[in-house]
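To start, the structure under review is shown below, and the notes come after it.
Residue numbering restarts at 1 for every chain, and letters A, B, ... go by the order of the sequence lines.
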There are 2 protein chains.
Amino acid sequence: MYQIGEVATMAKVSIRLLRHYDEIGLLVPSGRSEAGYRLYGHSDLQHLQQILFYRTLEFPLEEIQRLMSAPGFDRHAALLQQRELIRRKAQELGAVLDLLEQTIADIDPGVQEKNTMSTQQMFEVFPDMKQEYQDEAQERWGNTAAWKQSAARWKKYTKTDMERMKQEMAHVYGQLEKVFAAGTRPDAPAALAAIEAARLMSDKWFYDCPKELHVKGTEWTSSDERFVRNIDKNCPGLATWMHQAAKANLHP
Amino acid sequence: MYQIGEVATMAKVSIRLLRHYDEIGLLVPSGRSEAGYRLYGHSDLQHLQQILFYRTLEFPLEEIQRLMSAPGFDRHAALLQQRELIRRKAQELGAVLDLLEQTIADIDPGVQEKNTMSTQQMFEVFPDMKQEYQDEAQERWGNTAAWKQSAARWKKYTKTDMERMKQEMAHVYGQLEKVFAAGTRPDAPAALAAIEAARLMSDKWFYDCPKELHVKGTEWTSSDERFVRNIDKNCPGLATWMHQAAKANLHP
DNA sequence: GTTAAGGCCTCACGCAACGGGAGAGTCAAG
DNA sequence: CTTGACTCTCCCGTTGCGTGAGGCCTTAAC
């Protein structure tokens, strides 16, 4: 367990930043000392590292928070994606470099050759960092309306809300795993009950989720390796089974 | 002459940003239409490009403004420096990439090998963007105290102040050039008067500038090719001559 | 014992760099 | 002469922290 100052020097960030991340719930230290000192464990450090990776990609903090505490978040997959995005960012920097070279060449030859560079050229490569990468993350999720709603709701959740949500989720997924592990067929009543509970949870915490959308949702998660790996962690095949159950639940 | 919207689409920035840059005096369009519409000329576009380069390097706007309207600012030199800095930034990104690879490798092997990565390693490479590059720009200037004071003063200057300053500077440099062009020796009374005027101007607009510091200042500018090129633009040898005059002015 | 030096805590305000309206004038086209 | 696309000037809101102020904890030195 490290104190806040140690973490700050290790990660070369300010103490204030760590406190800020605690305030907004992005990185809540896993313990407190008797005197109220923040105590960070090793998992917190991993968390922080993740956050810093996202930050180099200029993700807004809120986005980072949503991503990292999303139901299907998988560290390994996230790292792979980040690698990809950082590669792309490096390429962009390369483009800027090229533009610089060009610009230099354009005004270099001695006194004052006429500017041969078109106004289009002049600005072609500047990174529009604002969205770019986030959009990518969203595409994977597919539906934008639902996404936005989810994002909007997250804003309002307090820490206690989050706690409650986590508990509910654990319970619902526990049920699903139990039913699935028992070999229940996805159109059996017990399966339908469990999947319905999952749907209602999505509806409550994330976005309006009618049965049709839930079918879609389970389809995505069962076809995206990142989610599958996480959902199937304890129960291989669960993701697909959930999708089938959701379909069966359409016409009970 | 382009309207604000055209510039915005060309440079892929928001209209609001352009207005903001106008407000803070960073990029004041070179004209206005009768109706008060901002009109941007080609030089404004060049200016904007410069600004965007600096912004990719995450220079604070105020810094950019100071640099670009500094007495000895030279576009070509600036471009060269920016190239260097962007190269460095690309390297940093590369380092982050390496760290990502390492981290991935560290948790990849199947189930759960123990984390072999030290906490130091975990954070070694994250760019401390805050200062880094600006410091570089400052080093060139040498004296930090004077620099800071200069920076502090700039904050308070209004546009009209800037106008007045430009006029004064033009006048003082005009005098210097005239005296110099006449072949006056740097220790002649006319030279001393002109250099003293220059010193007082520095003192007034930039930072407390006793004669000793002015000697230093002229020494820097006469040994830094970027300034020399600008000062000597019309009068080759002026920078060095000013340095000598400043020395002579120590003991008039 | 106490006292001084760090490190930590919680407010709380401040700041940069814009985003996003509101309300109103301008300008070409139909 | 009106409509739609642009533009203008306020002015308030937001994100991601920086920077104290004022006060408690802990340790090491006098």
Residue A:L61, side-chain atoms from C-beta onward, closest of C:dC27, D:dG16, C:dT10
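From the listed options, D:dG16 comes nearest.
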So, OP1 or OP2 of [N]: does either fall under 4.0 Å of a side-chain N or O from [X]?
| X | N | answer |
| --- | --- | --- |
| A:S33 | D:dC25 | no |
| B:Y21 | C:dC18 | yes |
| A:R19 | D:dG16 | no |
| A:R38 | C:dC9 | yes |
| A:Q3 | C:dG7 | no |

Overall bend - the helix from C:dG1-D:dC30 to C:dG30-D:dC1, comparing terminal axes fitted on five pairs, nearest 10 degrees
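One end's axis against the other's: 10°.
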Side chain to side chain contact (heavy atoms under 4.5 Å, CB included) partners of [X], counting only residues at least two apart:
| X | result |
| --- | --- |
| B:T9 | none |
| B:M68 | B:H47, B:Q50, B:I51, B:Y54, B:I64, B:F73 |
| B:E6 | B:Y2, B:Q3 |
| B:R32 | B:D22, B:R38 |

Separation of B:Q65 atom CD from C:dA17 atom P, in whole Å?
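That distance rounds to 10 Å.
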Would you kindly give the CG-to-C1' distance between B:D22 and D:dT7, to the nearest whole Å?
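Atom CG in B:D22 sits about 13 Å away from atom C1' in D:dT7.
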Whether each nucleotide of nucleotides 20-25 of chain C has a protein heavy atom under 4.0 Å at its base (B), only at its sugar-phosphate (S) or at neither (-) is summarised, 5' to 3', as B----B
If you assign each of A:L17 and B:I15 to its closest nucleotide in DNA chain D, which residue comes earlier from the 5' end?
B:I15
Under a 4.0 Å N-O cut-off, is there an ion pair linking A:K89 with A:E92?
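So A:K89 does not pair with A:E92 through a salt bridge.
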